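Report on one structure; see the data block that follows.
Throughout, protein chains are lettered first and strands after them, A, B, ... in sequence-line order, and every chain is numbered starting at 1. All of these numbers come straight from a predicted model, not from anything done at the bench. Just the heavy atoms: all of them, side chains too, but no hydrogens, waters or symmetry mates, feed the values below.
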Protein chains: 2
Amino acid sequence: MLCLSQTTGYAIKALGCLNESPGQCGLIAEIAGRTRLPRPYLAKIVNSLARKGLVAAKRGHKGGISLARRPVDISLLQIVEAVEGKEWLGPCLLALDDCTSDNTCPTHDFWLDIGGRIRRKLAETTLAEIIGPRWQGAAQARRVSSAKGSTAGRKATHGPTAVRPDRRP
Amino acid sequence: MLCLSQTTGYAIKALGCLNESPGQCGLIAEIAGRTRLPRPYLAKIVNSLARKGLVAAKRGHKGGISLARRPVDISLLQIVEAVEGKEWLGPCLLALDDCTSDNTCPTHDFWLDIGGRIRRKLAETTLAEIIGPRWQGAAQARRVSSAKGSTAGRKATHGPTAVRPDRRP
DNA sequence: AATAAAGATGACACGGACATCATCTTGCTC
DNA sequence: GAGCAAGATGATGTCCGTGTCATCTTTATT
């Protein structure tokens, strides 16, 4: 499957959810509940993001996590590299192991170009754009026109794990 | 890692190797030896390719496999879809599970465009181009000019598995 | 200082892609 | 048609990305 790892999607969702209360601290448990992500795994992802300086984590009583910068100042590229590492772009589209710099396959230059496009797109797209028309953007959309698409109410009606906000005994 | 599966690379190498004796039957064991691919896994891949009509397999004594069509008539897209299935292109670059057709992420249109480019490139690149300047292409290059780049002799001098033609006790 | 609430962290479990093996089936050669 | 050389196939093993757990560390509150 040609796409970024699922972890990237998790990180973006978590950061988007985190932005809903700007400046304020969110709790990992709470975010996990709202985004329906596995809590312990989310903690790991948040850890990666914190080490890269994308989120600020405050330990101890009354602690929590918050965005370290404004969403406009966080690019998708930074998120991707935080969770997938610097080498997230494969060296050869066709996964040919002997497609090296001095012996390239016919799609090499093409893939280089594509990789550049993707990297550029990720670099210039910010977290603000992601969360704008999607999760919290409903409020903004409502402000513009009272009822336009009317596809607001239904979400998360497709997965096997229904509405359980918490799954501990 | 954003790239196609390793199996795709295996398939391409095997088909390229197979083309070296056009019209003639190659043995899976022999091809596995030459390409340094695991023999049983290669057999599986060849099976997928045979079911999609890309290679012709002849069983029994004096059997073997051969290309079902000329390399010019085999596109990379056909190879990819044979081994990875029709759904090799992820629906969302960022792996956002709720990035559906009516609720798209900011990179959706971009990814659609990129996907189209990749699909088109794979469709218009044929096996002939892959094997041309690479594996068997050395002969062609020599025919044009006796000694041009002079980088002919060195190959496979970069990996950890050196020259072992076979790895059985 | 004791406590409780929060994230950090390393070990472990699971699942699917990748790889291997043993065995079955097929079809040539004689 | 007997024997054998070859691919086909299903069961099994391995590894890494993903997900879970228990425990440790930190810090505000009292």
Once you round it to whole Å, what is the distance between [atom2] of [N] and [atom1] of [X]?
X      : N       : atom1 : atom2 : value
D97(A) : dC18(C) : CG    : C1'   : 14 Å
W88(A) : dG17(D) : CH2   : P     : 17 Å
L42(A) : dT18(D) : CG    : C1'   : 14 Å
I28(A) : dT20(D) : CD1   : C1'   : 15 Å
E84(B) : dG16(C) : CD    : C1'   : 14 Å
R39(A) : dA22(D) : CZ    : P     : 12 Å
I45(B) : dG7(D)  : CD1   : C1'   : 15 Å
R36(B) : dC18(C) : CZ    : C1'   : 20 Å

Contacts under 3.5 Å, N or O only, protein and nucleotides 23-30 of chain C:
from: dT26(C); atom 1: O4'; to: R59(B); atom 2: NH1; distance (Å): 2.7

Show me the pairs that pass salt bridge (charged side-chain N to carboxylate O under 4.0 Å, His left out) and involve [range], at least two apart or across chains.
range                       : answer
residues 104-114 of chain B : D113(B)-R117(B)
residues 43-68 of chain A   : none
residues 83-95 of chain B   : E81(B)-K86(B)

For R70(A), which residues count as a salt bridge (charged side-chain N to carboxylate O under 4.0 Å, His left out) partner, sequence neighbours excluded?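 Expected list: D73(A).
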Quick one: salt bridge (charged side-chain N to carboxylate O under 4.0 Å, His left out) partners of E30(A), sequence neighbours excluded?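 Only R34(A) meet the salt bridge (charged side-chain N to carboxylate O under 4.0 Å, His left out) criterion with E30(A).
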Only counting residues at least two apart or in another chain, list the ones meeting side chain to side chain contact (heavy atoms under 4.5 Å, CB included) with [X].
X       : answer
S75(B)  : L77(B), Q78(B)
P91(B)  : M1(A)
L42(A)  : A14(A), I28(A), I31(A), A32(A), L37(A), V46(A)
T126(B) : A128(B), E129(B)

Donor-acceptor contact present, side-chain T8(A) to main-chain L4(A), <3.5 Å: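 Not at all, since once roles are kept as given, no pair shorter than 3.5 Å links the two residues.
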Measure from the side chain of I65(B), starting at C-beta and using heavy atoms only, and say which of dT20(D), dG7(D), dC18(C) lies closest.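 Between dT20(D), dG7(D), dC18(C), the one nearest the side chain of I65(B) would be dG7(D).
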Any side-chain N or O of N47(A) below 4.0 angstrom from OP1/OP2 of dT9(C)?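 True: N47(A) side-chain N/O within range (under 4.0 Å) of dT9(C) OP1/OP2.
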Would you say T35(B) and Y10(B) are linked by a side-chain donor-acceptor pair, where the criterion is simply a distance under 3.5 Å?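 No, T35(B) and Y10(B) have no side-chain donor paired with an acceptor closer than 3.5 Å.
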Grab the N/O contacts between the protein and nucleotides 11-15 of chain C below 3.5 Å, and write none if there aren't any.
from: dA11(C); atom 1: N6; to: K44(A); atom 2: NZ; distance (Å): 3.1

Heavy atoms within less than 4.0 Å of DNA chain D: which residues of residues 1-11 of chain A have one? Give them sorted by number.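 Close to the strand are S5(A), Q6(A), T7(A), Y10(A).
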